[in-house]
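One structure below.
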Amino acid sequence: MSRDHVQSAERPAHTAEAAAGDAAVPVPADAEAPFLELLARGASADAYEQPVLLARAQGAPAERIAALERAKLLALRVRSELEGRRRREAELSALFETAHDLAGLRDLDAVLRAIVQRARSLLGTDVAYLSLNDPDRGDTYMRVTEGSVAARFQQLRLGMGEGLGGLVAQTARPYVTDDYFKDARFQHTSTIDAGVRDEGLVAILGVPLMLGHHVIGVLFAADRRARVFEREQIALLGSFAALAAAAIDTANLLAETRSALAGLERANEIIRDRSGVIERASDVHDRLAELVLRGGGVHDVAAAVSQVLDGTVDFTEAAAAPAGALEASRAEGHAVRHEDDWIAAVAAGGELLGALVLRGHPGLDPVDQRTLERAAMVTSLLLLARRSAAEAEQRVRGELLDDLLDARDRDPRLLRERAARLRADLDATHVVLAARLDAPAADAEQEGDARRRLWAAASHLAATRHGLAAARDGGTVLLLPLGARDGAADLARRTARHLGTAVHEAVTVGASAPVRDLVADPEAVAAGYTEARRCLDALRLLGRSGDGAAAEDFGFLGLLLAGDRDIAGFVDRTIGQVVAYDERRGTELVRTLDAYFACGMSPARTKDELHVHVNTVAQRLERVGRLLGEDWQSPARVLEIQLALRLHRLSAPAPR
């Protein structure tokens, strides 16, 4: 959807810094009390200023006023979050109620009025109306209006292609104008402008009513003042438009059925047959609506439709469905036949979410076809609802991780409570992971899309692993629990593979050493993130894009990358087997290695240094090779082994 077609305004979001600042300073309980009372009674935003103003008027101490200010900000954030959730619940409830109305469709006008009323209420506009095309007269007429006060506006008939509605009908795409009379993108006529002026409309949003690839009308929402419609509001009105088109389509199908029955000689038989089919379709719609209202899932819908159609219906991801049939179904808005199967696209707002596939059922009557299509529409609503809930949880997980990274003065009890609600255990051992995409983006928009895909995949992984994820520094940071048999490096590699598969691009992941005491140590997560970033940068510098690693994977470089400088761990990984062999057998392999390197790796000079036979040196070096691997004398390994020998010598206890 181009910027010329749809103008949208992003809702302001609470930044991580604001969240961190609010959580940094505890608010006394007595300062919270008046705001909790305001929250409980659902007071307006202006009312939250009263406790602060009253305290100032009473000459309260500055500390008291500051505490009230912080409590006010927290309460307003809670109120905003509650309002947002109530709004989303109201939107979904209205969509589900409308779907239920369709399932028991008896009066088309009543259903269309309900759609227009709910659209106006949820978008908060002054007016909402619906126009339909009249093929016989070749124009468009007002079918339903809500909130209109001008008689001339309610009786408008528009020529095809005229006004904002004509632009929507021509392009089959939503259009929005924040100032109707100043917008030159569509054809103005004196009749339309007079009606709009009588109604006093300024900002207008129109979305098409589609049957297949044909526009049959337009659903509008309008305000008597300048206004920018957000993308979510445009998508919501589009969903109502889809339901309105479905209602009209169902009504047309009923009318066609009644007309056909009236002209047949065996009227009684056909009426019984068709009535049975229609009742079955209505029963299907009632069952689907009941499933949705009681919280059923996508696979529950597929199972219910399988029973009704006496076949096997599966929900399939878009990538697994036949591409040609899926695209045809999305374009036409109907289920299409593919070999012995039927494919119904599950889509919302132009986005393809998957498909319902009726398998091994080549013969399908129109009503059963409509049943499959309605099930696909209900499935799309369920997926959108699930996505909204998942996105809300992702934001909460990100806010908690931001607090762990940035906030220093934190309340451990509140952190644990927030984590418990997300099924995360902050007392467990974790690893901090820094992930970033490596493929260069063609432009800023593609780069933003790629980062959003990475964040979504990381958030899903964090949710399934009972961890946390947040977007940061152009990439993503994850905090994942470490299993009893896991290592930080193994977890980094698995995470790189998982995220790379999810976003279909190379993802590089750096990991910290295991992090403990997340709540007690305010610097633990931030220090772990710094170490993970260093490992990530090292991987990219070494040309290991798309891989995952921790400091322990980089040999002696790991000493520089690790936050805790694990010298003992480096010595053990490098020459630990040789040291252990000497301790068990009483041999002198470590001393031999020291002399061997000191003598320029010359066995002849080494035997003089040790005062042993050259064959003894050779045998000891052969034993070292079996313990350390055949490549132990390669330049890179030699450097690491010499460093480990020196560190081992420095850390050994002094002789008495």
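The shown structure was predicted, so the numbers you read here are calculated from the model rather than taken from an experiment.
Separating the CD1 atom in Ile234 from the OG atom in Ser239 is a distance of 12.0 Å, to the nearest 0.5 Å. Separation of atoms CG (Leu479) and CZ (Arg465) is listed at 11.0 Å; rounding is to 0.5 Å. Atoms CG and CD, from Leu499 and Glu505 in turn, are 12.0 Å apart once rounded to the nearest 0.5 Å. Atom-to-atom distance recorded for Leu219:CG and Leu132:CG is 10.0 Å, nearest 0.5 angstrom. Rounding to the nearest 0.5 Å gives a distance of 4.0 Å between CD1 of Ile216 and CG of Leu211. The OG1 atom of Thr371 sits 12.0 Å away from atom CG of Leu356, with the distance rounded to the nearest 0.5 Å.
Using a 4.5 Å heavy-atom threshold, the side chains of Thr140 and Glu162 count as separate. Side-chain contact between Pro322 and Ile343 is present, with at least one heavy-atom pair separated by less than 4.5 Å. Side-chain contact check for Arg370 versus Asp249: some heavy-atom pair is nearer than 4.5 Å. Put simply, the side chain of Met210 reaches to within 4.5 Å of the side chain of Val215, judged on heavy atoms. Two residues are said to be in side-chain contact when any heavy atoms from C-beta on lie closer than 4.5 Å; Phe229 and Thr125 meet this criterion. The shortest side-chain heavy-atom distance between Leu243 and Val111 does not fall under the 4.5 Å cut-off. Counting heavy atoms from C-beta on, the side chains of Thr464 and His460 come closer than 4.5 Å. Side chains of Ile248 and Arg143 form no contact here, defined as non-hydrogen atoms less than 4.5 Å apart.
Without hydrogens or angle criteria, Arg113 side chain to Val144 main chain gives no donor-acceptor distance under 3.5 Å. Panel note: side chain Ser121, backbone Gln117; no donor-acceptor pair is recorded below 3.5 Å. Judged by distance alone, the side chain of Asn133 and the main-chain N or O of Pro135 form no donor-acceptor pair under 3.5 Å. Counting only distance, with no hydrogens or angles, the side chain of Thr476 and the backbone of Ala470 share no donor-acceptor pair below 3.5 Å. A donor-acceptor pair is defined here as one N or O able to donate and one able to accept, closer than 3.5 Å; no such pair exists between the side chain of Ser329 and the backbone of Ala325. Between the side chain of His430 and the main chain of Ala428, a donor-acceptor pair closer than 3.5 Å is present.
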Could you walk me through whether Glu146 and Arg118 pass the side-chain contact (heavy atoms from CB on, under 4.5 Å) test, one step at a time?
CA-CA 10 Å; Glu146 176 68 15; Arg118 289 166 184 159; over 6 Å; no

Stepwise side-chain contact (heavy atoms from CB on, under 4.5 Å) test for Arg374 and Thr250
CA-CA 10 Å; Arg374 299 299 182 269; Thr250 302; 2.9 Å; yes

Could you walk me through whether Asp486 and Arg494 pass side-chain contact (heavy atoms from CB on, under 4.5 Å), step by step?
CA-CA 11 Å; Asp486 270 345; Arg494 285 202 307 272; 2.9 Å; yes

Between Tyr175 and Asp183, is the side-chain hydrogen bond (donor to acceptor under 3.5 Å, both in side chains) condition met? List the steps.
CA-CA 11 Å; Tyr175 267 82; Asp183 200 330; over 6 Å; no

Would you please test Asp314 and Arg359 for side-chain contact (heavy atoms from CB on, under 4.5 Å) and show each step?
CA-CA 8 Å; Asp314 296 322; Arg359 304 190 184 280; 2.9 Å; yes

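Between Arg451 and Leu437 the shortest heavy-atom distance is N-CD1, 4.1 Å. Nearest heavy-atom pair across Val509 and Ala435 is CG2-CB, 3.9 Å. The heavy-atom pair separating Arg227 from Leu123 by the smallest distance is NH2-O, 2.6 Å. Heavy atoms only, all atoms of each residue included: Gly163 and Phe186 are closest at O-CB, 3.6 Å. In plain terms, the two heavy atoms of Leu237 and Ala119 that are nearest each other are CD1-CB, 3.8 Å. The shortest heavy-atom contact between Gly546 and Ala506 is CA-CB, 4.0 Å.
Looking only at atom types and distance, the side chain of Arg185 has no donor-acceptor partner in the side chain of Thr177 under 3.5 Å away.
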